Protein chains: 4
Amino acid sequence: MVYRRTKKVDQKLEARLQAIMQAAREEFARNGFYGTSIKDIARRAGVGIGTIYLYLRNKEALFAALVNEAYEMVLDRIARARKNATGGRQKLQASMEAALAVLQENRDLARVMLVQSPAGHPAVAEQLYDLLRRLARLVEEDVLEEIERGELPPQDAHVAALAFVGTFYQVVISWLKEGIPADLTAAGKELIAYNLRGLGYPVEGVIENA
Amino acid sequence: MVYRRTKKVDQKLEARLQAIMQAAREEFARNGFYGTSIKDIARRAGVGIGTIYLYLRNKEALFAALVNEAYEMVLDRIARARKNATGGRQKLQASMEAALAVLQENRDLARVMLVQSPAGHPAVAEQLYDLLRRLARLVEEDVLEEIERGELPPQDAHVAALAFVGTFYQVVISWLKEGIPADLTAAGKELIAYNLRGLGYPVEGVIENA
Amino acid sequence: MVYRRTKKVDQKLEARLQAIMQAAREEFARNGFYGTSIKDIARRAGVGIGTIYLYLRNKEALFAALVNEAYEMVLDRIARARKNATGGRQKLQASMEAALAVLQENRDLARVMLVQSPAGHPAVAEQLYDLLRRLARLVEEDVLEEIERGELPPQDAHVAALAFVGTFYQVVISWLKEGIPADLTAAGKELIAYNLRGLGYPVEGVIENA
Amino acid sequence: MVYRRTKKVDQKLEARLQAIMQAAREEFARNGFYGTSIKDIARRAGVGIGTIYLYLRNKEALFAALVNEAYEMVLDRIARARKNATGGRQKLQASMEAALAVLQENRDLARVMLVQSPAGHPAVAEQLYDLLRRLARLVEEDVLEEIERGELPPQDAHVAALAFVGTFYQVVISWLKEGIPADLTAAGKELIAYNLRGLGYPVEGVIENA
DNA sequence: TATGAATGAGATTTCATTCAT
DNA sequence: TATGAATGAAATCTCATTCAT
């Protein structure tokens, strides 16, 4: 009798892969790349050690897959948020809200990517920086556009974009490591205001020159 | 009755320790904690493997010593800069300039601490976060003071402080990893402006509300 | 869904463990704890280095397992021999015969425990002394009983018990190291006579007081 | 000016050697051959590490020298005791008393030789067995002589001699490791009685055959 | 003669990956 | 497809011994 790849079999395989990925997310999030062994992941996923190698080439590939998952998720969510926004300021604001929301919803993944990935193999670490770079580029484009339109004052858009991204990075790290601020999206309002002011948008609440 | 601890001997010992530390700085900066072996460091320092253990208890202690060196260096430089500053705004500005200057002068050390330390042993990784936390606390105090004085508008000083520190972190990381901005202190001016605006200081160059 | 823990697999695993233990017995017996490396044992057992760590926590645990094996074996054999004996003198005699027999049958193990264990980690070395202590206590109890019954003259039962155990220890060591006496159980008869006389049993062959 | 080996210099050198030997006795007695480093000994002796190598070829030679010291001391004391004894029984008795006395007076040395030497390098371990062998040979000669004279019944003199020596070994080990019996020479009386009875001497206190 | 910094062979142990079942 | 026992490369660290001072 021949082995047939039925839909049921496919679902089972997909479920197994998801179990492995989930176990890896949790272990890597807690113990980092070097602090997590394949055996740990296999045990938590409830599969054999060898099984993991049927689904993923090796340990690094597994880690990279997770980082990539986070990468795609963040970019995707931001892209969707920007679609519905019109105007530079709205796009920036929508991006910020989307980024915080998706991270808050996927804490383990966020931890893997933001906290643990710099420790992994250089190739993997690079992915985090690539994400940050892409986010910065998005911001930079918006800023340049706004400067051209006269909505923002002239400035070094590249540095501004890095600064912009950096504010989020730091607040998220603090949230991941210390639980402060407790509610990421609530803190987002302050953060958004900080960056809009930082970019040079005219915002209320600024002390006026006498 | 020979082999006295002469000044010449002491100098040689100190030079050896420095050679080891410098080799470690370079190797760790490039390859991270797990990507660097004691053998690598010994070879680069031009000493035997065992020699390293005469100067430092173990690999972790060596890494920690470097991270600590960066830690002290940054805090010390900032503390000295703040001494000569009067008023919250000046203190913040002096801190920012000092931080960027000391990092620019010690690129390898900066790389070890900011890029590689999150990968090291948890105890060591913590030190980076401790530094960032302390810097954030400094900023927070300044901000609270300025709010009280009416120099800054009411805001969540904690989030603002994290954002403030984050802008620097991100720009420095970009400088370390991509060489952009090429001149850290030059970029500092833009960065300082961004943060002063972000905090709510009245700065020129903001688009006025019509 | 393969790789079941079949009976055949279990047998193979058990055989492997035995191969490792046997190799360790031989190596430790000849070269002692510090003179034997894990690599030596692996090579003799025909397994990889790592395999040993699948079966035993570390080198010390492997050594301790062997010493414990000897410990249990000797005590067990003596206990069984004593069950069938009635009366102090018979119990002592049965114990002596049993001890010599079990050691003669397990020469390598005897060597590991009696000759090499004092060299191992203190915790392991202690086990030999613990065995000797327990044997001495057994003898001491028998002697005290016999004194009470008037079968033996009053004496320091503790010293007598140590002496009693010591005679065996020395003869066994000589057998292990020099092969003399060649037949341990044959020598046992003389040894038994020595100790029975030494304790004060009335035995033929003693020169009578004129 | 030429260096002259004066008496004073010689004394100083001899004192240094003694300081090293004494430190080694104490360290080896407590921590065994492998548990003691040359650095430990140097520190305790108050000399430099290299100095030890001026007086002794290497670590093994140092250990061997100590074992040999004990070896000579025990044999010498026994030889002197036997000189003043006439007759086999007196010679045996004098030997036993002398052996216990010299061990009690040199506890650290006894520990190095009897407890720690089996752990050392095989070559060194051999020396303990050599001593025991020589002591057994002395006893064996006496026993053979006494059998010939009709003072002792016919028996396997070799086994008897091993047993004889073994009683002392065990009691001394117990004294060294547990402090029981507290007074070695006091326990000697019981031990001597045990062995004289064991050999077949007619001694009082034996239960008479009815 | 005296010293202790320097050395590196060698030991133990871990763990990603393979492969017979 | 699924498993986990087996492997050995590679890393860290120790310490007896040497040798410049």
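All heavy atoms count here, side chains included; hydrogens, waters and symmetry mates do not. Computed from a predicted model, the values in this text were never measured in an experiment. In what follows, every chain begins at residue 1, and chains take the letters A, B, ... in the order their sequences are listed.
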*Asks:* Can you find a side chain N or O atom of R16(A) that sits less than 4.0 Å from OP1 or OP2 on dA2(F)?
*Replies:*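 So the side-chain polar atoms of R16(A) do come within 4.0 Å of the phosphate oxygens OP1 or OP2 of dA2(F), strictly under.
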*Asks:* Which of the following nucleotides, dT13(E), dT17(F), dT17(E), is nearest to the side chain of K59(C)?
*Replies:*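 Nucleotide nearest to K59(C)'s side chain: dT13(E).
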*Asks:* Please report, rounded to the nearest Å, how far the C1' atom of dA11(F) is from the CG atom of N58(B).
*Replies:*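 After rounding, the gap between these two atoms is 13 Å.
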*Asks:* Would you kindly give the CG-to-C1' distance between L17(B) and dA6(E), to the nearest whole Å?
*Replies:*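 After rounding, the gap between these two atoms is 15 Å.
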*Asks:* Report the distance from atom CG of D40(D) to atom C1' of dG4(E), rounded to the nearest whole Å.
*Replies:*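 Rounding to the nearest Å, CG of D40(D) and C1' of dG4(E) are 15 Å apart.
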*Asks:* What pair of heavy atoms forms the shortest contact from R30(C) to R44(C), and how long is it?
*Replies:*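 Where R30(C) meets R44(C) most closely, the heavy atoms are NH2-NH2, 4.2 Å.
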*Asks:* Let me have DNA chain E in dot-bracket notation, would you? Count Watson-Crick plus G-U wobble pairs, both distances under 3.5 Å, and use [ ] for pairs crossing earlier ones and | for inter-strand partners.
*Replies:* .||||||||||||||||||||
*Asks:* How far does CG of L62(A) sit from OH of Y55(A), to the nearest 0.5 angstrom?
*Replies:*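 So the CG of L62(A) and the OH of Y55(A) are separated by 13.5 Å.
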*Asks:* Looking at V67(C) and S117(C), what are the two nearest heavy atoms and their distance?
*Replies:*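 What the structure gives for the nearest pair is CG2-CB, 4.0 Å.
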*Asks:* Which value, rounded to the nearest 0.5 Å, describes the distance between M21(D) atom CE and F28(D) atom CZ?
*Replies:*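 Here the rounded value is 10.0 Å.
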*Asks:* For the side chain of L13(C), starting at C-beta, report the closest nucleotide among dA6(E), dA6(F), dT17(E).
*Replies:*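 From the listed options, dA6(F) comes nearest.
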*Asks:* Crowded around R107(D) CZ? As in, over 12 foreign heavy atoms under 6.0 Å?
*Replies:*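 Counting other residues, nucleotides and ligands, CZ of R107(D) exceeds 12 neighbours.
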*Asks:* Give a yes/no answer on whether the side chain of R5(B) brings an N or O atom under 4.0 Å of OP1 or OP2 in dG4(E).
*Replies:*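 No, because none of the side-chain N or O atoms of R5(B) sits under 4.0 Å from OP1 or OP2 of dG4(E).
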*Asks:* Could you tell me how far apart K8(C) (NZ) and dA20(E) (P) are, to the nearest whole angstrom?
*Replies:*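 One finds 14 Å between P of dA20(E) and NZ of K8(C), rounded.
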*Asks:* Round to the nearest Å and state the distance from I38(D) atom CD1 to dA5(E) atom C1'.
*Replies:*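 So the two atoms are 16 Å apart, to the nearest Å.
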*Asks:* Answer yes or no: is there an ion pair linking K177(A) with E126(B), defined by an N-O contact shorter than 4.0 Å?
*Replies:*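 Between E126(B) and K177(A) there is a salt bridge, with a charged N closer than 4.0 Å to a carboxylate O.
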*Asks:* What is the distance from CZ of R43(A) to C1' of dG4(F), rounded to the nearest Å?
*Replies:*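 One finds 12 Å between C1' of dG4(F) and CZ of R43(A), rounded.
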*Asks:* Near DNA chain F, under 4.0 Å by heavy atom, which residues of residues 44-57 of chain B?
*Replies:*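 Residues of residues 44-57 of chain B that come under 4.0 Å of DNA chain F are, in numerical order, I49(B), Y53(B).
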*Asks:* Using the side-chain contact (heavy atoms from CB on, under 4.5 Å) rule, pick out the option among L66(C), V124(C), L128(C), N106(C) that qualifies with V112(C).
*Replies:*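 Filter result, single survivor: L66(C).
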*Asks:* For E26(C) and Q22(C), test the side chains for any donor-to-acceptor distance below 3.5 angstrom and give the result as yes or no.
*Replies:*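 E26(C) vs Q22(C): donor-acceptor pair found between side chains.
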*Asks:* Can you tell me how far P of dT12(E) sits from CD1 of I41(C), to the nearest Å?
*Replies:*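 In whole Å, dT12(E) P and I41(C) CD1 are 8 Å from each other.
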*Asks:* Can you check whether A61(D)'s main-chain N or O pairs, donor with acceptor, with N58(D)'s side chain at less than 3.5 Å?
*Replies:*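 Between the backbone of A61(D) and the side chain of N58(D) there is a qualifying donor-acceptor contact (under 3.5 Å).
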*Asks:* Figure out the NZ/C1' separation between K39(B) and dA10(F), and round it to whole Å.
*Replies:*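 My rounded result for the distance is 9 Å.
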